[in-house]
Student: 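Got a structure for you, written out below as structure tokens; questions coming shortly.
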Amino acid sequence: MTASTTPILSMKGVTRVYRQGKVDVHALRGVDLDIHKGDFAAIWGPSGSGKSTVLNQMGALDQPTAGTVLLEGTDLGSLSRKALSAMRRDRIGFVFQSYNLIPVLTAYENAESIMALQGVPVAERRDRVMGLLEDVGLEGLEDRRPHELSGGQQQRVAIARALASNPAVILADEPTANLDSVTSEKLLDMMARLNNERGATFVFSTHDPRVMKYARRVIGLVDGRVDSDVQKEQGVEHKHQSRV
Amino acid sequence: MRGPDLARLAWRNLWRQKRRTILTLVSITFGGFLAFIMTAMNDKSFADFIDDAAQLGTGHVTIQNPEYQDRPTLSRSVQNTGAKRHLALQDPFVTRAVDRASGAAMLTTARDAFGAYFIAYDPELESPETLQFAQDMVAGEPFQTADDKGILLGRILADNLGAGLGDKIVFTLTDRSGEIVTGMERVKGILSTGAASTDAAIAMLPINTLRDVVGYQPDESSQIAIFLNDGRRAGRVASTLRPEVGGDAVLTWDEVQPEIKAFVAMKVGGARVMEIVIGVLVAAGIFSTVFMSVLERTREFGIMLAIGYSPGQLFRLVMWETGFLAMTGLLCATAFTAGPYWYLHTHGADTSAAYEGMASSMDIGGVAFDPVLRFDIYPENALIIAASIVLATMLAGIYPAWRAGRVDPVESINVI
């Protein structure tokens, strides 16, 4: 899948400063970044470089100290808590490092839960969830609860859940961190396929070189600034200077 | 997420920590059991106590001369008692309406003289529900008609007077015009009410004997005693009757016997305080359980907020959990209480061993307490307890539910 030229998600001059005791911690220092439809992008960098903070900003989980985050043209900073909830529900998919499925729901129900939140009719939910579980290779395991699934299977459910709402972008925070290498490869294969076949947009934060191998765009973060932004397919490297 | 889906999630969440949920249910069950049994005991004992007071006094509702309450003499009487009794009996809550004349008298035998409180009544109008102790004879026989001859004495009064069955008793009292008059009857029976102070003072006469002595007309008495199927309706019945009885006063049992009212109010108040204490303790236990379960799931709530649940949905989710806890607790409390309640309702609990040697202290205002505790709860009180359990549980869940919706996703997921 080739990324389109119009960004679906855009960060402009985003700064995030946390107060820890009497010290200000600059997690992001004027980040400018565009994510396009169909991107399969990895954000990498050392610990403390701001990878997860970027995902939090993109995912409407946190507000920037300065700058704006636009999702499909909407300034996330202008939205109420309720509107942000709706935005996360309808336009953003999350995949977390430790899967974070709802433990009392089955694989099917976890994937279905977002659609239930959206008010999708039951019959449509069923068709879509069964299709998604098949896509992520979990057919036959629909009725299992998270503790009855392996780590890789749980992460597949999490991906199905993230895709269920037809989001504009799926944000994955270290999705392979808790998986062995074989399972990680399979999962990355699957996400690459979903990117190709469904046009799903993925943004990862990662340390994992395997993820960067699969990613077609690699964004490097250092000290809260975008240090590099490489489109691997086109072989063109864009170096970004972060704003201070 | 629509209601049923949140409910399903809530029900499953409730059973994630089975042991904790069961312990909480046990505390709700035990609290509900205590509240229910205590209330059933109070309801029955106070209802019986009030009924006994109504028997000894002048019914749940009394029609009497408007000046009688301040100066209870036989000169302040009620006329046309037959018509007024008929009027009272039209009310569906009224079971009996009877003529009574009562007051103070001096009883004299060949050996001694004692003051007494007499009740003159018509045995054909009364029933065991209106004058049970007139049937509780330790010797002799009760009266059968208003024209019978004789006098019934309380057990201790008879001892004090040195009177036995068939002995002559001269009674002295004031008549309807205020003059001192005397009558003479033989002891027909000796009775025991169970209240020592009453047994030391009570004397009973057929009402026509008294009418002859004091100069009353056949449809004249000092009071009309009205008995209800539920003493709590006295105020309502009195209000209905008041405009219908001309210049007579219509009083409720607690207006006639304020000392009984004060005692019951004090005991009921004490019981309510105990019930509130039980409720607060149970609610505190529920609060800690629900709050703990919310704190343990902070990360989970953060995830749920991240993937699109709104704070309001998380609030409702925890309230559903609390609601299920309340309803399950209520069902358990009902199931656990049903057996003991049935037994106690049917057989009572005999506490006489605990009061052995203290019989003389087991009466208030001359009304005896039955040493066998009976249990019978008013349906509305049972509903209030059930509603209180649910309400206390739901209230205990509000703050934890609010906290669930206020979780910061970034901090709770700890992805920073």
Side-chain angles (χ1 to χ4, degrees), chain A residues 16 18 20 25 27 48 50-57 59-63 80-106 109-110 112-120 122 125 145 158 161-162 164-165 167 171 173-174 205, chain B residues 1-21 290 293-318 320-322 324-325 328 401-416:
Chain A
R16 183 66 170 101
Y18 298 106
Q20 285 188 348
V25 178
K51 302 186 296 295
S52 294
T53 308
V54 166
L55 286 195
N56 291 341
Q57 299 292 335
L61 292 174
D62 194 14
Q63 297 283 328
S80 65
R81 277 169 63 93
K82 192 174 178 183
L84 284 172
S85 290
M87 184 64 86
R88 290 194 293 265
R89 180 191 68 202
D90 296 335
R91 305 309 300 148
I92 302 166
F94 286 95
V95 178
F96 300 99
Q97 181 177 333
S98 4
Y99 329 133
N100 290 314
L101 302 175
I102 298 174
V104 295
L105 298 182
T106 63
E109 289 165 342
N110 264 288
E112 183 199 32
S113 60
I114 304 297
M115 282 188 277
L117 289 173
Q118 291 175 312
V120 175
V122 174
R125 275 190 245 166
R145 292 202 182 175
R161 179 178 69 184
S165 60
L171 305 174
D173 182 45
E174 308 266 10
S205 74
Chain B
M1 185 175 278
R2 290 162 187 165
D5 295 317
L6 276 182
R8 179 180 58 184
L9 188 52
W11 178 253
R12 291 184 191 173
N13 280 336
L14 199 60
W15 298 103
R16 283 164 72 169
Q17 292 277 354
K18 283 193 183 69
R19 187 180 303 172
R20 186 167 60 202
T21 298
V290 177
S293 85
V294 166
L295 290 181
E296 283 175 357
R297 288 183 287 160
T298 299
R299 180 181 173 82
E300 186 175 314
F301 288 132
I303 298 290
M304 292 172 83
L305 285 170
I307 65 175
Y309 284 79
S310 68
Q313 283 166 328
L314 294 192
F315 178 87
R316 289 200 293 280
L317 174 67
V318 176
W320 267 109
E321 292 172 17
T322 313
F324 280 134
L325 198 60
T328 310
W402 179 81
R403 278 288 298 259
R406 302 297 297 179
V407 163
D408 180 343
V410 173
E411 281 184 15
S412 60
I413 300 168
N414 199 22
V415 293
I416 297 164

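Chain A is the first sequence line, chain B the second, and so forth, proteins listed ahead of strands; every chain is numbered from 1. All figures in this text were calculated on a predicted structure; none of them were measured in a lab.
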Student: Quick one: pull up CZ in A:R81 and CG in B:L305 and give me the separation to the nearest 0.5 Å.
Tutor: 7.0 Å
Student: Measure distances from A:R145 to the heavy atoms of chain B and classify the residue's part below 4.5 Å as side chain, backbone, both or neither.
Tutor: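 For A:R145, side-chain heavy atoms alone lie under 4.5 Å from chain B.
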Student: Do the side chains of B:Q313 and A:L117 get nearer than 4.5 Å, heavy atoms only?
Tutor: yes
Student: Which atoms of A:Q97 come close to chain B, meaning under 4.5 Å heavy atom to heavy atom: side chain ones, backbone ones, both, or neither?
Tutor: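 It is neither, since no heavy atom gets under 4.5 Å.
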Student: For B:I307, which of A:I114, A:N100, A:N110 qualifies under side-chain contact (heavy atoms from CB on, under 4.5 Å)?
Tutor: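 The residue from A:I114, A:N100, A:N110 that satisfies side-chain contact (heavy atoms from CB on, under 4.5 Å) with B:I307 turns out to be A:I114.
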Student: My understanding is that only residues two or more places apart in sequence, or in another chain, count here; which of them pass ring pair (Phe, Tyr, Trp, His ring centres under 6.0 Å) with B:W15?
Tutor: B:W11
Student: Quick one: what part of A:R16 sits under 4.5 Å from any heavy atom of chain B, side chain, backbone, both or neither?
Tutor: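 For A:R16, neither part sits under 4.5 Å from chain B.
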Student: What option among B:G302, B:S310, B:P311, B:A306 has the most heavy-atom pairs under 4.5 Å with chain A?
Tutor: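 Most heavy-atom pairs under 4.5 Å with chain A: B:A306.
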Student: Any heavy-atom pair between the side chains of A:P103 and B:E300 that's under 4.5 Å?
Tutor: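 B:E300 vs A:P103: side chains touch.
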Student: Is chain B contacted by the side chain of A:L84, its backbone, both, or neither, given a heavy-atom distance below 4.5 Å?
Tutor: neither
Student: Could you pull out all residues at least two apart from A:F94 that satisfy ring pair (Phe, Tyr, Trp, His ring centres under 6.0 Å)?
Tutor: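 Only A:F96 meet the ring pair (Phe, Tyr, Trp, His ring centres under 6.0 Å) criterion with A:F94.
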Student: Nearest heavy-atom pair of B:R12 and A:T106: which atoms, and what distance?
Tutor: NH1-N, 4.3 Å
Student: Could you tell me if the side chain of A:V104 sits less than 4.5 Å from the side chain of B:R8, heavy atoms only?
Tutor: no
Student: Among A:L101, A:D90, A:I102, which has the most heavy-atom pairs under 4.5 Å with chain B?
Tutor: A:I102
Student: Tell me, side chain or backbone of A:E109 under 4.5 Å from chain B's heavy atoms, or both, or neither?
Tutor: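 When you check distances to chain B, only side chain atoms of A:E109 fall under 4.5 Å.
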